[in-house]
2 protein chains.
Amino acid sequence: MHEAMGKHYDEEYLQLIKEHGVRPTANRILVARALGRAGRPTSQKELEDILKTLDKSSISRCLTLFKAHHLVHVLEDGSEAVRYELCWSYSCQTDDDLHVHFYCEVCGRTFCMSDIPIPLVRLPEDYTLHSVNYMAKGVCASCRNKN
Amino acid sequence: MHEAMGKHYDEEYLQLIKEHGVRPTANRILVARALGRAGRPTSQKELEDILKTLDKSSISRCLTLFKAHHLVHVLEDGSEAVRYELCWSYSCQTDDDLHVHFYCEVCGRTFCMSDIPIPLVRLPEDYTLHSVNYMAKGVCASCRNKN
DNA sequence: ATCTTTTTGCAACCCGGTTGCAAATACAGT
DNA sequence: ACTGTATTTGCAACCGGGTTGCAAAAAGAT
């Protein structure tokens, strides 16, 4: 695992990109940094709102590239939007996330329960398992306390 | 639980619809039956292909209604399409499915592992849990054997 | 049978996302 | 640094899945 979210220097985003064999263009660094600073799984739409100077097609292409090079994890949270999450582990080859996620039905945010690993189940013999998405839904702490 | 999928009489679909307080129109029975006969979680698009005589807006409205009346479970399988699954349990109030699902990355089908319940995790105190989506991904038995 | 309410199909629209293309930028070789 | 090649970018047009406004059709009530 890595240190807490949102505490990375620009240098580190550059490094992260290079390490995955992706050419570190200005846009790509911006997208990676936006993902990192968000601190939680982020949809393309949200990135467009954050990075107003970039065209949505550029962001789309960045994400596609990051996906292909395993720089991000991809997950669906039930809000029919795909979300992306930076992956700081160098050798991670799965596209999904390995920990539990929580989708708040009130505020629409998705949280990483980074310290709760996904409990695995036993599948029938002839199924090959590649990855698992575990999405819990309900009301998050801050929304709950607001009422 | 209920008997095996795809063995329901038309009468039963009618019953199911009525039991949930929905007026059983011809279209609604068709949609419910299509869902039931599919025997696995089905996307709106797939339903449109099956029910060529119905307009997609009619199907959309059926599904919205079924959702509101807890007649179907809703789940996302990672193919950016929402899938619907008939729920035969009368008093089920959750929108999600309670068992594990498996998405085959080769054929794109989603399978219900009806007999594998979702293992629950312990969330932080102040999170309220409503439901859980457990989606395993990989290669299904028949796709694996084809190679 | 007539009036009222609900449901339906069509077309138009919406939203998130992708793609074709030409301009801009970065890179390589000399 | 200069020129030629490859990559990246922004724009606009497009795409797919889905929803909505509206008028016609069907169902229900009196």
Side-chain angles (χ1 to χ4, degrees), chain A residues 13-14 17-18 20-35 38 41-69 71-85 95 103 108-110, chain B residues 13-14 17-18 20-35 38 41-69 71-85 95 103 108-110:
Chain A
Y13 295 109
L14 182 68
I17 292 170
K18 284 204 254 177
H20 284 80
V22 173
R23 216 196 289 239
T25 70
N27 280 0
R28 288 171 192 164
I29 296 173
L30 284 174
V31 171
R33 194 169 58 185
L35 279 171
T42 312
S43 66
Q44 174 170 329
K45 189 70 208 321
E46 285 171 333
L47 291 172
E48 289 170 19
D49 293 341
I50 298 169
L51 301 166
K52 296 215 177 56
T53 58
L54 303 210
D55 189 75
K56 58 182 181 159
S57 67
S58 304
I59 297 178
S60 168
R61 283 189 267 241
C62 274
L63 293 174
T64 305
L65 196 65
F66 286 1
K67 226 186 299 178
H69 288 257
L71 227 128
V72 290
H73 290 299
V74 181
L75 62 126
E76 299 91 31
D77 59 11
S79 68
E80 90 262 359
V82 180
R83 287 174 185 280
Y84 302 89
E85 190 179 14
D95 290 334
Y103 175 73
R109 289 184 297 174
T110 303
Chain B
Y13 295 108
L14 181 67
I17 292 170
K18 283 203 254 177
H20 283 82
V22 174
R23 216 196 288 246
T25 70
N27 281 0
R28 288 172 192 164
I29 296 173
L30 284 174
V31 172
R33 194 170 58 185
L35 280 172
T42 313
S43 67
Q44 175 171 329
K45 189 70 209 322
E46 286 171 333
L47 290 173
E48 289 170 19
D49 293 340
I50 299 170
L51 301 166
K52 296 215 175 59
T53 59
L54 303 211
D55 189 75
K56 57 182 183 160
S57 68
S58 305
I59 296 177
S60 168
R61 284 190 265 241
C62 274
L63 292 174
T64 305
L65 196 65
F66 285 1
K67 226 186 299 179
H69 288 258
L71 227 125
V72 289
H73 290 299
V74 182
L75 61 127
E76 300 90 31
D77 59 12
S79 67
E80 90 261 1
V82 180
R83 287 174 185 278
Y84 302 89
E85 190 179 13
D95 290 334
Y103 175 72
R109 289 182 298 173
T110 303

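What you are looking at is a predicted structure, and each value in this text was computed from that prediction instead of being measured. Just so we're on the same page: letters track the sequence lines, and every chain starts at 1.
Nearest nucleotide to the side chain of B/Arg61, out of C/dC21, C/dC10, D/dG28: C/dC10. Among the nucleotides C/dT7, D/dG17, D/dT7, the one closest to any side-chain atom of B/Arg23 is C/dT7. The side chain of A/Leu54 sits closest to D/dG10 out of C/dG9, D/dG10, C/dG17. The A/Thr25 side chain lies nearest to D/dT9 when the options are C/dT19, C/dG9, D/dT9. Considering only side-chain atoms of B/Arg28, the nucleotide from D/dT7, C/dG20, C/dT7 that sits closest is C/dT7.
Side-chain N/O atoms of B/Lys56 and base N/O atoms of D/dG18 include a donor-acceptor pair closer than 3.5 Å.
For D/dG10, the OP1/OP2 oxygens have a side-chain nitrogen or oxygen of A/Ser58 closer than 4.0 Å. Residue A/Ser60 places none of its side-chain N or O atoms closer than 4.0 Å to OP1 or OP2 of C/dG17. Neither OP1 nor OP2 of D/dG16 sits under 4.0 Å from any side-chain N or O of B/Gln44.
For the pair B/Lys67 NZ and D/dG18 P, the computed distance is 10 Å after rounding to whole Å. Between A/Glu48 atom CD and C/dT18 atom P there is a gap of 10 Å when expressed in whole angstrom units. If you measure from atom CG of B/Leu63 to atom C1' of D/dG17, you get 13 Å, rounded to the nearest angstrom. Residue B/Asp55 contributes atom CG, which lies 14 Å from atom P of D/dT20 at whole-angstrom precision. As a whole-Å value, the separation of A/Leu47 CG from C/dC15 C1' is 17 Å. Put simply, CD1 on B/Ile59 is 10 Å from P on D/dG18, counting in whole angstrom units. Taking atom CG of residue B/Asn27 and atom P of nucleotide C/dT8, one finds them 4 Å apart after rounding to whole Å. In this entry the distance linking CZ of B/Arg83 with P of D/dG17 reads 11 Å, nearest Å.
Residues B/Leu54 and B/Leu47 are not in side-chain contact: their nearest non-hydrogen atoms beyond the backbone lie 4.5 Å or more apart. Side-chain contact between A/Val74 and A/Leu63 is absent, with no heavy atoms from C-beta onward closer than 4.5 Å.
A donor-acceptor contact shorter than 3.5 Å is absent between the side chain of A/His20 and the backbone of A/Leu71. When atom types are taken as modelled, the side chain of A/Thr64 and the backbone of A/Ser60 share a donor-acceptor pair closer than 3.5 angstrom.
Mapped onto DNA chain D by nearest heavy atom, A/Ser57 and A/Leu65 fall at different nucleotides, with A/Leu65 at the one closer to the 5' end.
Note that the NZ atom of B/Lys45 and the NZ atom of B/Lys56 stand 9.5 Å from one another [nearest 0.5 Å]. The line from CD of A/Glu48 to OG1 of A/Thr42 is 12.5 Å long, rounded to the nearest 0.5 Å.
Sorted by first and then second residue, the pairs that involve residues 21-34 of chain A and meet side-chain hydrogen bond (donor to acceptor under 3.5 Å, both in side chains), not counting sequence neighbours, are A/Asp10-A/Arg33.
Residues A/Pro24 and A/Ile17 come closest through the heavy atom pair CA-CG2, 3.8 Å.
Bending across the helix from C/dA1-D/dT30 to C/dT30-D/dA1, expressed as the angle between its end axes from five pairs apiece, amounts to 30° (10° rounding).
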